[in-house]
Each structure stands twice: as structure tokens, then as C-alpha cells.
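One structure below.
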Amino acid sequence: MKNFVFVIGIFFLVSSCDPYMVYDKYSKTEGNEWKWSDKKVFEANLTDSVGLYNIIINVRHTTSYPKSNLFVFLTTTAPSGNSRRDTVEIIITDDKGKWQGNGFSNVKLVSQEYRKAVRFLVRGKYTFEIEQGMRMPEIPVTDVGLRIEEFKELR
């Protein structure tokens, strides 16, 4: 019986792994409020300069979020020092007010693809800074995350 439980445990552990994930981190906000001054910084050591990748922004928010969208500013700095700053709109609710994220209770997770099939030409440490760009000094966001995954056309 012990061997059976062990085998089942290993099966679930292996099957839950994500073979496409290269980087996936979250940063909590203070008091479940994301302030203007609170830049979320993610550093990823990327060593493949040939492959293609998707970059995804993840946001956990509460259902007290007052708007239908969330604007963020994302600055990407390559190991060479070159940087790029973009404004990204994340859709929080549809036109009828239905939450677009997944989750239980009053916390939802929304994932927004930032860039698709991007190549990191320079190997090394990339820095991603994400700032909230709303016209409110603080918003009900509990966590901000960044995910980099291998691009697979047929998934």
C-alpha cells in the first residue's frame, strides 16, 4: 500500500510540472494595495538566444477592483543596458462586468500576454519593472507576476 501511495504521489508531482515555463515569479503588494510608488522588479537569467518565448503579466486582484481594465508600464532592460518601455492594458472585466480572471472567493487572477514569440538576443540577466499606471494612487491588487514560457505554435 505504501508503494502505491508513493507512486501516485510521484505521478501527480510529475504531471503538474509545466514543461514550457522558463520563469514564473510573483511579488506581493503591501496591504493588498498596489501603490504608484511600488515598482515590481523581476530578474530573469535567460541563456537561450535562439528560441522564441512568450512574456505574460499576471495580476491577482480583489473583486473590489473599481475599473474594467488596468494599465501597467513595463520596462524591460537587457543585459546590454538597452531598455524598452511599453504601456500594457489588462482587461479585468468584459463589457457586462463579468470578471475575466480565474479564482475563488473575492480574489481573481488575470493573465495578459505582453509579447508573443520574442527572442532574447543577448544572453544574461534581463530586468522587468512593472508599475501600475492607473489614475488612482493605489488599487486593490494583491500580487503582480511575470511569466516567461517557451513559444509553441501548436499547443
Margin query: Quick check: is Phe71 connected to Leu74 through a chain of hydrophobic side chains (ILVMFWY, heavy atoms under 4.5 Å apart)?
Written below: yes

Notebook entry, point to check: At what distance, to the nearest 0.5 angstrom, does NE2 of His61 lie from CD of Gln100?
Noted result: 9.0 Å

Check: If you measure from OG1 on Thr127 to CD on Glu43, what distance do you get to the nearest 0.5 Å?
Finding: 4.5 Å

Next item on the list: Establish, from distance only, whether the side-chain atoms of Arg85 and Thr75 form a donor-acceptor pair under 3.5 Å.
Entry: yes

Margin query: Minimum heavy-atom separation for Ile91 and Val110, please, with both atom names.
Written below: O-CG1, 3.5 Å

Note to self: Any heavy-atom pair between the side chains of Tyr26 and Val144 that's under 4.5 Å?
What the structure shows: no

Checklist line | Spatial distance of atom CD1 (Ile57) from atom CD1 (Ile90) [nearest 0.5 Å] | finding: 5.0 Å

Margin query: If the threshold is 4.0 Å, N to carboxylate O, is there a salt bridge linking Glu33 and Lys35?
Written below: no

Check: Taking atom CG of Asp86 and atom CD1 of Ile55, what is their separation to the nearest 0.5 Å?
Finding: 9.5 Å

Next item on the list: Return the orientation label for the Phe128 and Phe120 ring planes: parallel under 30°, perpendicular over 60°, tilted otherwise.
Entry: perpendicular

Notebook entry, point to check: Same hydrophobic cluster for Ile56 and Met21, using side-chain heavy-atom links shorter than 4.5 Å among ILVMFWY?
Noted result: no

Next item on the list: Quick one: list whatever passes side chain to side chain donor-acceptor pair (under 3.5 Å) with Glu89, sequence neighbours left out.
Entry: Asn69

Notebook entry, point to check: Is there a donor-acceptor pair under 3.5 Å between the side chain of Gln132 and the backbone N or O of Trp34?
Noted result: yes

Next item on the list: Report the distance from atom CD of Glu149 to atom CG of Leu52, rounding to the nearest 0.5 Å.
Entry: 12.5 Å

Item checked: Closest contact, heavy atoms only, Gly133 versus Phe73 -> CA-CE1, 3.4 Å

Check: Under the side chain to side chain donor-acceptor pair (under 3.5 Å) test, which residues partner Ser64, sequence neighbours left out?
Finding: Thr62

Note to self: Tell me whether Arg147 forms a cation-pi arrangement with Tyr23, defined as NZ or CZ under 6.0 Å from the six-membered ring centre and within 45 degrees of its axis.
What the structure shows: no

Next item on the list: Give a yes or no on this: more than 12 heavy atoms of other residues, nucleotides or ligands lie within 6.0 Å of atom NZ of Lys28.
Entry: yes

Next item on the list: Grab the two heavy atoms, one from Thr63 and one from Ser105, that are nearest each other, plus how far apart they are.
Entry: CG2-O, 4.4 Å

Check: Just by distance, do the side chain of Lys108 and the backbone of Gly103 share a donor-acceptor pair under 3.5 Å?
Finding: yes

Checklist line | Side-chain H-bond candidate by donor/acceptor type, Asn32 with Thr142, under 3.5 Å | finding: no

Notebook entry, point to check: OG/Ser27 to NZ/Lys39 distance, rounded to the nearest 0.5 angstrom?
Noted result: 13.5 Å

Item checked: Sub-4.5 Å side-chain heavy-atom contact between Asn58 and Leu146 -> no

Check: Does a sphere of radius 6.0 Å around CG in Asp94 hold more than 12 heavy atoms from other residues, nucleotides or ligands, not counting ones at 6.0 Å or beyond?
Finding: yes

Notebook entry, point to check: So do Glu131 and Ser37 actually touch side chain to side chain, heavy atoms under 4.5 Å?
Noted result: no

Next item on the list: Could you walk me through whether Tyr114 and Asn54 pass the side-chain hydrogen bond (donor to acceptor under 3.5 Å, both in side chains) test, one step at a time?
Entry: CA-CA 8 Å; Tyr114 161 58; Asn54 297 330; over 6 Å; no

Margin query: Determine whether a donor-acceptor pair (N or O, by modelled atom type, separation under 3.5 Å) exists between the side chain of Trp36 and the backbone of Glu138.
Written below: no

Notebook entry, point to check: Do the side chains of Thr29 and Lys40 get nearer than 4.5 Å, heavy atoms only?
Noted result: yes

